Amino acid sequence: RSNASLDNKALPGIANTTQEQLQELSKALEAQSITGQGTLNSTTASGAPLKVESLDKTLKLITFKESNIVLWKKIPKLPAYNTVEEYNQLSSYGTERGGFILEGELPNEEDSTYVRRSQLVKYLGVTKSVTHPMTLVNTMIGNVIDREVKNGTLWILRKLDRALTNADSTIVPEEFNGLYAQHQQNDAFPTFNDYMNSEVVVDLRGASLTEASIEDAAEGIVENFGVGTELFAPPKVLSGFVKNFYGNKFIMPNTEQTAAGLMGQRVEGFDSQFGRINLNWDIFQNKANSKTTATAATSANAPAAPVAAGAGVAPVAPTVANGKWAASDAGTYYYAVCAINRFGESALTCVKTNALITVAAGGAAELQFTAGNGANAATGYTIYRSNKAATSVAAATFYPLFTISASQLANGYDGSAAGLVSDLNRFMPNTNQAFLIDNSEEVHAFRQLAPLMKMDLAIISPAYRFMVLHYGTPLLFAPKKMVRFINVG
């Protein structure tokens, strides 16, 4: 029988609805844990399609900031006017001899020594692209092109800051020579061994940086007529330096710091006998990353991995000249090598597959490998050594030791015959480097042919493309007014 009062109503037991349908219709709307695109075309998302997305209006940086770039900011900047930057050195006023004369006598003549040197300007650049539609939509970062210009600038600054110390044109010809390369390639040292044993290299052999080692470096610069003013180091090096004071620190009672419960110490400078030295930490001076045999090449255009050849690796008897293998260092290791060029690094090649090499105290390891076959040739090689007594090649962590050029491999490196490379343990795995310098324009500077700039490219599609570029080279005018710390633990 018809009942008009029940029209358009859902009641249990009536033909137009069921008990389950009634429960579904009366269920409360739920926010759920999805939003936006996740609810598209969904009929079961309850109240989620009604939610307004909540996105923080600030872009969160999880990479480096401009404040992390330290050495680049502190190195003196000078203009360059040519692609070949030259400078003259007055290396001597004359021979240190005689001088006293008789009354009325003509003094002996002494000639000053002048040397002209040069460095080539090199070029850094990156291309960025933003599509036209991307410039039209609303974003939480404002102008997208401006953001990408800033991102490209920071990319260049990171490369510059790292290259200031580590770049070497003998290994990658497209790079300029960084401070370490110019420091080493110095006529004052006839051989590599002379350089490594000189007063301008302080070898800590895995120990932390100490007050004594900084004092020794400061004294070395003074002996060469300079004054060390700035020390640049990776964060870990300065952290290790500060820890030297923890066990000897006196806590003064009744001070504001003690009352606040503030412990620890921050060391911003060091007073040597010869003046104040500022301590600067620069994250881009960190040692290169360790690798495993599973680590892939860093670029599709990187050279092919090297090929182990001949004996691969052979231990050298403990009578090798200039060896640095101490009794504590002697043991069994795996060795590996990667090829490098301007595009990046290849994968690792274990120089003698699955074979641990025993190196005795006072000895060395001699490596043998050849270039791989690939479209892009290798211009250099980085030698890696595993942690001591690694259980297998696959489980080993490989640490970079040193990098050589293709010509150094061909001619033999550090006392080896042609095609061979000796590891005399001059550079130890898992250690850092740092340097102390007289930070003035008389000692070093960066010559800029063109400072950082943005150059627009032709529009050939609905996208804005531009380059961020920089042209320049560092110059180390007085290499002996810089001291390099190696093997800092």
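Nothing here was measured: the structure is a model prediction, and the numbers come from that model. Starting from 1, each residue takes its place in the sequence as its number.
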Treating [X] as the side-chain partner and [Y] as the backbone partner, does any N or O pair qualify as donor plus acceptor under 3.5 Å?
X: N376; Y: N301; answer: yes
X: S118; Y: E86; answer: no
X: T127; Y: M467; answer: no
X: Q285; Y: W281; answer: no
X: T153; Y: V149; answer: yes
X: K287; Y: Y399; answer: no
X: Q182; Y: P474; answer: yes
X: N286; Y: P234; answer: no
X: D282; Y: L71; answer: yes
X: N387; Y: T397; answer: yes

Go through the structure and list residues passing side-chain contact (heavy atoms from CB on, under 4.5 Å) with [X], not counting sequence neighbours.
X: A395; value: T391, S392
X: A305; value: S346, T349
X: N322; value: N193, L424, R426

Partners meeting ring pair (Phe, Tyr, Trp, His ring centres under 6.0 Å) with [X] (sequence neighbours left out):
X: Y87; answer: F477
X: F398; answer: none
X: Y384; answer: none
X: W72; answer: F446, H470

Residue pairs fulfilling side-chain hydrogen bond (donor to acceptor under 3.5 Å, both in side chains) with at least one residue in residues 211-223, sequence neighbours excluded: T210-S213
Would you find more than 12 non-hydrogen atoms of other residues, nucleotides or ligands less than 6.0 Å from [X] atom [atom1]?
X: E105; atom1: CD; result: yes
X: N108; atom1: CG; result: no
X: K150; atom1: NZ; result: no
X: D456; atom1: CG; result: yes
X: K291; atom1: NZ; result: yes

Side chain to side chain contact (heavy atoms under 4.5 Å, CB included) assessment of V70 paired with K73: CA-CA 5 Å; V70 178; K73 292 180 180 178; over 6 Å; no
Test side chain to side chain contact (heavy atoms under 4.5 Å, CB included) applied to N280 and E268, step by step: CA-CA 8 Å; N280 305 277; E268 297 181 340; over 6 Å; no
Could you report the tightest heavy-atom contact between [X] and [Y], atom names first, then the distance?
X: A304; Y: G372; result: CB-C, 3.9 Å
X: A302; Y: E345; result: CB-O, 3.5 Å
X: P303; Y: G344; result: CD-O, 3.8 Å
X: S440; Y: P76; result: C-CG, 4.0 Å
X: P306; Y: F369; result: CB-CD1, 4.2 Å
X: N82; Y: E85; result: N-OE2, 3.2 Å

Candidate pair N439 and H444, rule side chain to side chain donor-acceptor pair (under 3.5 Å), full reasoning: CA-CA 7 Å; N439 194 47; H444 74 149; 2.6 Å; yes
Aromatic plane relationship, F270 with F241 - under 30° parallel, 30 to 60° tilted, over 60° perpendicular: perpendicular
Y195 and H183 aromatic ring geometry - parallel, tilted or perpendicular at 30°/60° bounds: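 Perpendicular, since the angle between the ring planes exceeds 60°.
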Between [Y] and [X], is there a side-chain heavy-atom distance shorter than 4.5 Å?
X: F284; Y: I69; result: yes
X: L279; Y: V267; result: yes
X: Y123; Y: T83; result: yes
X: L124; Y: L469; result: no
X: I221; Y: V227; result: no
X: K236; Y: N432; result: yes

Within 45° cone and under 6.0 Å: K454 NZ/CZ vs F466 ring: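 So K454 does make the cation-pi contact.
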Of T473, V84, L476, the residue whose pairing with Q119 passes side-chain contact (heavy atoms from CB on, under 4.5 Å):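 So, applying the side-chain contact (heavy atoms from CB on, under 4.5 Å) to Q119 and each of T473, V84, L476, only T473 qualifies.
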Verdict with supporting geometry, K159 and D161, salt bridge (Lys or Arg N to Asp or Glu O under 4.0 Å): CA-CA 6 Å; K159 297 292 290 186; D161 197 66; over 6 Å; no
For [X], give me all partners under salt bridge (charged side-chain N to carboxylate O under 4.0 Å, His left out), at least two apart in sequence or on another chain.
X: E230; answer: K74
X: R465; answer: none
X: E442; answer: none

Value rounded to 0.5 Å, distance of CG in L179 from CZ in F232: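 Reported to 0.5 Å precision, the distance equals 9.5 Å.
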From CG (L209) to CD1 (I214), nearest 0.5 Å: 4.0 Å
Please report, to 0.1 Å, the donor-acceptor pairs under 3.5 Å made by any side chain of residues 163-172, with sequence neighbours excluded.
| from | atom 1 | to | atom 2 | distance (Å) |
| --- | --- | --- | --- | --- |
| T165 | OG1 | R162 | O | 3.3 |
| D168 | OD1 | T170 | N | 2.9 |
| D168 | OD1 | T170 | OG1 | 2.6 |
| D168 | OD2 | T170 | OG1 | 3.4 |
| S169 | OG | N177 | OD1 | 2.9 |
| S169 | OG | N177 | ND2 | 3.2 |

CA sep, side-chain torsions, deciding dist, call: I383, T403, side chain to side chain contact (heavy atoms under 4.5 Å, CB included): CA-CA 6 Å; I383 308 302; T403 302; over 6 Å; no
From CA spacing to verdict: side chain to side chain contact (heavy atoms under 4.5 Å, CB included), Y180, Q433: CA-CA 10 Å; Y180 290 157; Q433 299 190 53; 3.9 Å; yes
